[in-house]
Number of protein chains: 2
Amino acid sequence: MASLGELERAVMDLLWASQEAVTANTMRDLLAHNTGTDDGAAAHPGKELAVTTVLTVLSRLEKKGLVERERGTRPHRYQAVSSRADHTAELMHEVLGSAPDREAVLARFIGSVTESEAATLRKLLGQS
Amino acid sequence: MASLGELERAVMDLLWASQEAVTANTMRDLLAHNTGTDDGAAAHPGKELAVTTVLTVLSRLEKKGLVERERGTRPHRYQAVSSRADHTAELMHEVLGSAPDREAVLARFIGSVTESEAATLRKLLGQS
DNA sequence: CAACATTTCTACGCTTCGTAGAAATTCCAA
DNA sequence: TTGGAATTTCTACGAAGCGTAGAAATGTTG
């Protein structure tokens with residue numbers, strides 16, 4: 001149960017972008033001023049969703065374990081459970097984990113990594 | 001459009017396991033003798049699906065680009081387009097690709113890789 | 001308390017997937 | 001060649017996930 005819908009992904013992107021926990025209302029506004037495909041030009045308004053829609057999505061994300069909600073404060077505040085990088089790395093491990101031939105997969109994987117990334121990997125694997 | 005359903009995955013696993021292209025009927029039989037969770041014990045028969053069911057799934061997999069079909073032979077024959085390792089590596093790249101902070105993701109990623117895999121990676125990244 | 005804000009419940013339409021019957025097509029044996 | 005058998009295509013249905021949001025319940029504040 002890992003994949004996200006389009007709106008769910010947009011919400012997560014915004015949560016990952018803003019360090020602080022946000023309310024459903026704030027999230028609604030953020031979504032309105034974001035086309036997703038962030039081009040430099042003036043993005044069209046990206047229509048205003050109903051707050052209940054945003055709440056539904058946030059609840060679903062909470063159920064999926066991606067979002068954490070502060071129930072204490074009155075307008076509840078939501079934030080991502082883990083950073084985008086952590087989440088993505090986790091996803092990669094999930095994908096890799098389902099394979100019986102992990103090493104073969106890794107071989108193919110690094111076969112198509114940019115040189116700068118390869119360098120990063122070398123550094124990270126360097127000593128040990 | 002990358003994720004697979006349960007049956008779709010079972011079919012792909014069998015296609016990946018058998019080098020040769022197989023017919024829908026063969027696939028039906030293979031599915032019948034496979035519980036997925038391959039424990040050593042006598043797996044229960046894994047019910048016989050209708051051939052049309054198998055054909056539907058194979059067609060859907062073909063549409064997704066995961067399966068290739070030989071239309072020449074009369075009982076059409078189906079096979080995986082790419083190896084499981086290739087496919088999985090591709091999936092990993094897909095996951096990684098959607099991240100703006102690729103290097104950060106990679107850092108987290110190799111942070112939780114087994115030592116033997118780390119060794120494999122070092123070897124593969126060795127020269128260059 | 002009353003009006004307002006916030007959250008929860010319920011629901012509907014769309015898409016995907018498991019599942020397969022019905023219909024169309026193709027092939028082989030007599 | 002023709003008719004039954006095998007094969008493929010078409011169509012469909014139910015369940016689940018997601019976008020979407022109204023209605024109802026609940027909490028807040030003046």
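Every value quoted in this text rests on a predicted model; they were computed, and no experiment measured them. Values below: every heavy atom of this structure, side chains too, minus hydrogens, waters and symmetry copies.
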Side chain to side chain donor-acceptor pair (under 3.5 Å) partners of A:T73, counting only residues at least two apart = none
Selection from C:dT7, C:dC17, D:dT9 that lies nearest to any side-chain heavy atom of A:A24 | C:dT7
Expressed as a whole number of angstroms, how long is the span from [X]:[atom1] to [N]:[atom2]?
| X | N | atom1 | atom2 | result |
| --- | --- | --- | --- | --- |
| B:M27 | D:dA6 | CE | P | 21 Å |
| A:M12 | D:dC18 | CE | P | 13 Å |
| A:E6 | C:dT15 | CD | P | 13 Å |

Ignoring backbone atoms, test whether [X] places a side-chain nitrogen or oxygen under 4.0 Å from the OP1 or OP2 oxygen of [N].
| X | N | result |
| --- | --- | --- |
| A:R69 | C:dT8 | yes |
| A:R77 | C:dT7 | no |
| B:N25 | D:dA6 | no |
| B:H76 | D:dT8 | yes |
| A:K64 | D:dC18 | yes |

Is any side-chain heavy atom of [Y] closer than 4.5 Å to one of [X]?
| X | Y | value |
| --- | --- | --- |
| A:S59 | A:R69 | yes |
| B:L31 | B:E48 | no |
| B:V113 | A:H93 | yes |
| A:E90 | B:S112 | no |

Pick base, sugar-phosphate or nothing for B:L7, based on heavy-atom distances below 4.0 Å to the nucleic acid.
-> sugar-phosphate
In the 5'-to-3' direction, what one-character label does each nucleotide of nucleotides 20-30 of chain C receive under the scheme B = base within less than 4.0 Å of a protein heavy atom, S = sugar-phosphate only, - = no such atom?
-> BBB--BSS---
Give every residue pair that meets the ring pair (Phe, Tyr, Trp, His ring centres under 6.0 Å) criterion with at least one member in residues 61-82 of chain A, sequence neighbours excluded.
-> none
